[in-house]
*Asks:* 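Below you'll find the structure I mean.
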Amino acid sequence: MTKSNSLRPDFRRGASAIALGLALTVLLPGAALAQDAGTAPVDEAPVDGEIIVSGIRGAINNSVQAKKASTSIVEVVSAEDIGKLPDLSIAESLSRLPGLATQRLDGRANVVSIRGLAPDFTTTLLNGREQVSASNNRGVELDQYPSELLNGAVVYKTPDASLVGQALGGTIDMRTVRPLAYGKRAIAAGARFEINDLGKLNPDISNKGYRANISYIDQNADGTLGWAIGYARMQSPTAEERFNAWGYPEATDGTNTAFIIGGAKPYVKSNELKRDGVMAVVEWEPSDKFHTTIDGYWSRFKDEQRLRGIEFPLAWGNSTLQPGFTVEDGLVTKGVWTGTEAVMRNDVVHRNSTIIAGGWNTRFKPNEKLTLELDLGYSRLKKTEENLEIYLGTGRGPGVGARETALGFEMRPKGGIIFDPSLDYTDPDLFVITDPQGWSNCGGAVPNCQDGFINTPRIKDELKSVRLQATQELDGVISSLRVGANYSDRKKSLDDRGFVLTSKNYPANTPVPTDYLYDDPVSLDFIGIPGMVAFDSWRFYNDGNYTLTDGAGFDPARVFNDYTIREKVLTGFVQANFDADTGSTPVRGNVGVQIVHSDQTGSSFYAQVVGGVTQSTPITDGDTYTDILPSLNLSIEFADNTFLRFGAARVLARARMDQLKPGGGVNFDVTKRDNTNPADSPWSLDLGNAKLRPLMADTVDVGLEKYFGQGGYVSVGGFYKYLENYVYRQVNPFDFSQFEVPDGGSVGTRAGVSRQWLNGNAGRVYGAEASLSLPFATFTQALDGFGVLGSASYTKSRVRETGPDPISMPGLSKWVINGTAYFEKDGFQVRASGRYRSKFLAEVSTLSLARDVFMAKSEFVVDAQVGYTFQSGTLEGLGILLQASNLTNEPFVTYYNNDPRQIRDYQNYGRNFMAGITYKF
């Protein structure tokens with residue numbers, strides 16, 4: 001089989017990410033930054049007479065200084081100024097750091113993998129406190145957090161014992177500003193207009209939007225009381241031309257075998273993302289002995305989508321492939337179908353999520369060397385979703401109504417299919433509200449009843465924490481000793497609901513009333529179809545034109561998908577920090593241990609269909625256990641501004657929420673009912689496991705870093721993670737005596753098998769990283785203001801489940817390469833950057849919003865920015881900004897069967913352009 005993505009062109013695309021940074025240094029000297037650094041973004045006020053470097057170069061310098069000061073191996077993103085992170089989202093900023101990569105959702109960076117380990121293996125904090133997530137599992141969707149309200153983020157690649165929230169991949173700690181550390185009054189505001197170049201694909205969602213923000217920081221005259229508040233508003237458009245394939249079954253003519261497309265679901269999609277965010281901080285330090293901070297964060301995120309397209313059941317439908325088709329290297333790439341009965345879709349998605357997070361931190365020093373600290377944290381999320389599918393067809397049920405007499409198709413080289421139809425899909429008299437394919441009988445009583453469907457999942461996630469610690473300063477090699485404990489209580493639940501929609505005119509077909517029709521059809525010319533019937537399906541649904549049938553009544557998955565997981569975790573820790581000179585070589589670092597006691601409980605259901613009706617049995621299970629996690633970090637300055645870093649630790653990542661739910665779906669194969677062999681039994685069960693232990697890993701990191709100039713450094717490093725007890729499905733015997741025979745008949749055996757999530761053997765993940773920050777003023781002052789950033793990481797996994805061959809780890813790209821070029825001087829700033837990641841296993845939504853993993857193609861995304869800030873006069877502080885994202889119009893592509901030609905999803909997002917102003921005074 002000929003593969004279309006050989007290693008050589010992929011590597012060239014990755015290398016061009018760094019080449020872009022070098023090539024654009026003169027032409028477009030600037031880019032969207034996200035740079036390395038250490039313990040925390042710097043807020044400190046300037047010393048009188050000190051030369052201040054702000055903007056891009058100031059952010060780089062702050063990041064590099066923090067990275068240098070840290071005893072752990074970290075990366076840091078710092079804000080250029082108040083309310084001004086270097087990218088449109090914190091996720092995009094993080095994606096430019098060495099070893100980090102994002103997965104895009106609807107064109108925007110959404111979740112982050114660290115060192116090839118998926119978002120579920122990463123912990124996200126806000127001001128040091130763990131955050132809840134809007135996803136079905138643990139991965140935090142970072143687009144919930146407005147970049148305008150964050151002052152930066154620290155990514156811990158090696159943990160220390162006092163870092164609560166350490167994870168297998170790494171820990172991301174997002175930070176808001178601290179007003180007393182900022183040290184002065186500042187008011188900053190900004191506004192940007194945004195447009196997507198794909199145009200208005202759907203009539204009811206605009207391709208235009210805006211962003212606006214305002215922040216205020218101040219303190220009293222004594223500098224003992226400070227406050228900060230910020231508000232950010234976003235109404236951002238995204239657009240998508242999307243080709244989706246059901247799959248590629250093998251077909252044979254008796255002599256030859258080839259893969260052939262089973263069905264296709266292409267559509268155009270328009271999104272309007274609305275997000276409001278508020279950040280507030282109050283900080284009080286009346287003396288050197290007492291310091292207290294209260295911070296809060298609130299965000300409301302609304303995602304409104306319209307999706308219009310046509311679903312074509314092909315090899316898995318009632319279509320016939322005509323002779324004369326083309327086969328290329330085992331894949332049918334061109335031909336003509338007959339008998340195809342299409343399902344026209346006018347779909348709507350509404351997602352609403354609200355996050356509340358905050359905390360209260362108090363430090364008290366009873367004497368000069370002892371610091372006592374109390375931290376209270378709270379994070380809560382509520383997410384609701386309405387995922388509406390509305391169908392049109394030419395007749396109720398399969399084989400009824402007009403069908404394609406000749407539906408030509410040809411696969412495009414880059415992905416997707418061009419169709420040549422014989423039917424007019426813009427005709428509202430031909431395509432009517434009905435169930436064209438007979439996808440449901442509503443539990444058996446109502447044949448061909450599915451004129452639509454609506455999924456309405458609900459997620460609630462709440463986390464409370466309290467932390468106590470004491471730090472004693474010491475004299476000698478051990479500079480300080482820290483002991484403490486953290487207690488957290490997290491409860492997350494998923495209520496997975498879904499309803500079949502049946503027209504109130506059933507069984508008649510219903511023409512779309514003219515007052516719901518849009519004036520013009522929606523174009524599907526990207527797949528060769530001039531247009532399709534478009535109507536206001538959301539209004540039609542809300543006007544009461546459908547009868548709803550709860551899918552839980554006949555679909556067990558609607559019952560056993562539900563879960564409630566509760567985790568109570570008590571972490572005790574002790575950490576010794578040391579700072580010594582061995583001869584003339586400074587050595588800093590820490591050594592310590594965490595003792596983590598976990599009490600986890602899961603609640604869900606056993607569910608099966610008996611007599612055509614779902615029966616369910618609630619089940620609650622769980623476990624308690626204790627893990628010991630030692631850690632060591634060393635930083636050796638063996639030459640001036642040259643550091644050797646070493647880290648070793650034992651870390652954990654808790655199992656996914658959907659794996660921890662007990663119970664599952666009972667399956668019964670009537671064709672095997674008389675079998676007595678348990679290995680060939682009619683009974684089977686897909687089962688969760690509330691007793692799952694975390695995935696444990698022993699990790700070793702080493703790095704070499706050289707710092708020079710203001711904001712300059714180069715680093716190389718490597719890491720090795722030995723993973724234990726990976727979680728995967730395993731087949732085991734199971735006793736089904738507690739379950740009824742679905743049809744009440746006889747059965748040969750009550751023994752069968754379960755496919756249950758269990759801990760098992762694993763393997764290792766290892767790799768190398770290199771990064772560079774190079775201000776050109778290092779060479780000559782004639783190039784002051786110019787600079788480049790670059791990083792590259794290589795990651796490899798050898799993790800095995802049951803077979804001898806290694807599996808593909810979700811989220812792992814072998815290569816992740818970033819390049820940025822910038823120029824900033826006298827108020828001018830220009831940046832351009834490219835980020836590349838090689839192919840990876842991506843987690844995506846599937847049928848009924850279930851999650852699954854598919855291989856995604858490599859991608860190379862380019863962004864750019866140019867701006868000017870007035871330095872004096874009446875306009876001093878006013879900035880003008882132009883930005884562009886996804887300049888290469890890079891699609892997000894997943895595929896089947898390890899063959900990039902067998903496209904599962906081809907998502908073309910277009911380019912977004914922004915123009916705006918900022919003002920600071």
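Side chains are part of it too, since the values below use all heavy atoms of this structure and drop only hydrogens, waters and symmetry mates. Quick caveat, the model's predicted, so the values are computed rather than measured.
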*Asks:* Tell me, please, which residues at least two apart from N725 pass side chain to side chain contact (heavy atoms under 4.5 Å, CB included).
*Replies:* R693, L695, M696, N759
*Asks:* Indicate yes or no: does K68 engage E637 in a salt bridge with an N to O separation below 4.0 Å.
*Replies:*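 Result for this pair is no, no salt bridge flagged.
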*Asks:* Going by side chain to side chain contact (heavy atoms under 4.5 Å, CB included), name the residues that satisfy it together with Q756, two or more places apart in sequence or in a different chain.
*Replies:*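 Side chain to side chain contact (heavy atoms under 4.5 Å, CB included) list for Q756, sorted by chain: L687, N689, S754, L758.
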*Asks:* Between the main-chain N or O of I73 and the side-chain N or O of T158, is there a donor-acceptor pair closer than 3.5 Å?
*Replies:*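 Between the backbone of I73 and the side chain of T158 there is a qualifying donor-acceptor contact (under 3.5 Å).
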*Asks:* Salt bridge (Lys or Arg N to Asp or Glu O under 4.0 Å) with R363: which residues, sequence neighbours excluded?
*Replies:* none
*Asks:* Identify, with sequence neighbours excluded, every residue that meets salt bridge (Lys or Arg N to Asp or Glu O under 4.0 Å) alongside K492.
*Replies:* D461
*Asks:* Is any side-chain N of the basic residue among R129 and D375 closer than 4.0 Å to the acidic one's carboxylate O?
*Replies:* yes
*Asks:* Can you sort out the partners of Y625 under ring pair (Phe, Tyr, Trp, His ring centres under 6.0 Å), two or more places apart, ordered by chain and number?
*Replies:* none
*Asks:* Any side-chain heavy-atom pair from R566 and D489 closer than 4.5 angstrom?
*Replies:* yes
*Asks:* For Y707, what residues pass the ring pair (Phe, Tyr, Trp, His ring centres under 6.0 Å) criterion, not counting sequence neighbours?
*Replies:*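 Testing Y707 for ring pair (Phe, Tyr, Trp, His ring centres under 6.0 Å), a comparison that skips the adjacent residues, returns F643, Y713.
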*Asks:* Is the closest basic N to carboxylate O distance between D160 and R482 below 4.0 Å?
*Replies:*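 Looking at R482 together with D160, the answer is no, because their closest N to O distance does not fall below 4.0 Å.
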*Asks:* Among Q144, R275, K382, whose side-chain hydrogen bond (donor to acceptor under 3.5 Å, both in side chains) with S353 holds?
*Replies:*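 When side-chain hydrogen bond (donor to acceptor under 3.5 Å, both in side chains) is applied between S353 and each of Q144, R275, K382, only Q144 qualifies.
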*Asks:* Going by the rule ring pair (Phe, Tyr, Trp, His ring centres under 6.0 Å), which residues pair with Y297 if we only count those two or more places apart in sequence or in a different chain?
*Replies:*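 Partners of Y297 by the ring pair (Phe, Tyr, Trp, His ring centres under 6.0 Å) criterion, ordered by chain and then number, come out as Y145.
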*Asks:* Check this for me: does any side-chain nitrogen of one of E283 and R178 sit under 4.0 Å from a carboxylate oxygen of the other?
*Replies:*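 So E283 does not pair with R178 through a salt bridge.
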*Asks:* Could you check whether R175 pairs with D173 (Lys NZ or Arg NE/NH1/NH2 to Asp/Glu carboxylate O, under 4.0 Å)?
*Replies:* yes
*Asks:* List the residues meeting side chain to side chain contact (heavy atoms under 4.5 Å, CB included) with N761, not counting sequence neighbours, and say none if there are none.
*Replies:* none
*Asks:* Kindly say whether the aromatic ring centers of W757 and Y728 come within a distance under 6.0 Å.
*Replies:*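 For W757 and Y728, the ring centres are not under 6.0 Å apart.
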*Asks:* Taking NZ, NE, NH1 and NH2 as the nitrogens, is one of them in K157 or E75 under 4.0 Å from a carboxylate oxygen of the other?
*Replies:* yes
*Asks:* Applying salt bridge (Lys or Arg N to Asp or Glu O under 4.0 Å), name anything that partners K383, two or more places apart in sequence or on another chain.
*Replies:* none
*Asks:* Is a side-chain donor or acceptor of N61 paired with a backbone partner of G711 at a separation under 3.5 angstrom?
*Replies:*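 Checking the backbone N and O of G711 against the side chain of N61, a donor-acceptor pair under 3.5 Å is found.
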*Asks:* Among residues two or more places apart or on two chains, list those pairs meeting ring-ring contact (aromatic ring centres under 6.0 Å, His included) that have a residue in residues 459-488.
*Replies:*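 Output for this query is empty, none listed.
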*Asks:* Decide, yes or no, whether a salt bridge links D120 with R654 under the criterion of side-chain N to carboxylate O below 4.0 Å.
*Replies:* no
*Asks:* Mind checking whether R656 and V727 have side chains closer than 4.5 Å, heavy atoms only?
*Replies:* no
*Asks:* Looking at residues at least two apart in the chain, or sitting in another chain, which of them share a side chain to side chain contact (heavy atoms under 4.5 Å, CB included) with S813?
*Replies:*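 With sequence neighbours excluded, S813 shows a side chain to side chain contact (heavy atoms under 4.5 Å, CB included) to V816, R837, S838, F840, given in chain and number order.
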*Asks:* For F719, which residues count as a ring pair (Phe, Tyr, Trp, His ring centres under 6.0 Å) partner, sequence neighbours excluded?
*Replies:*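 Expected list: none.
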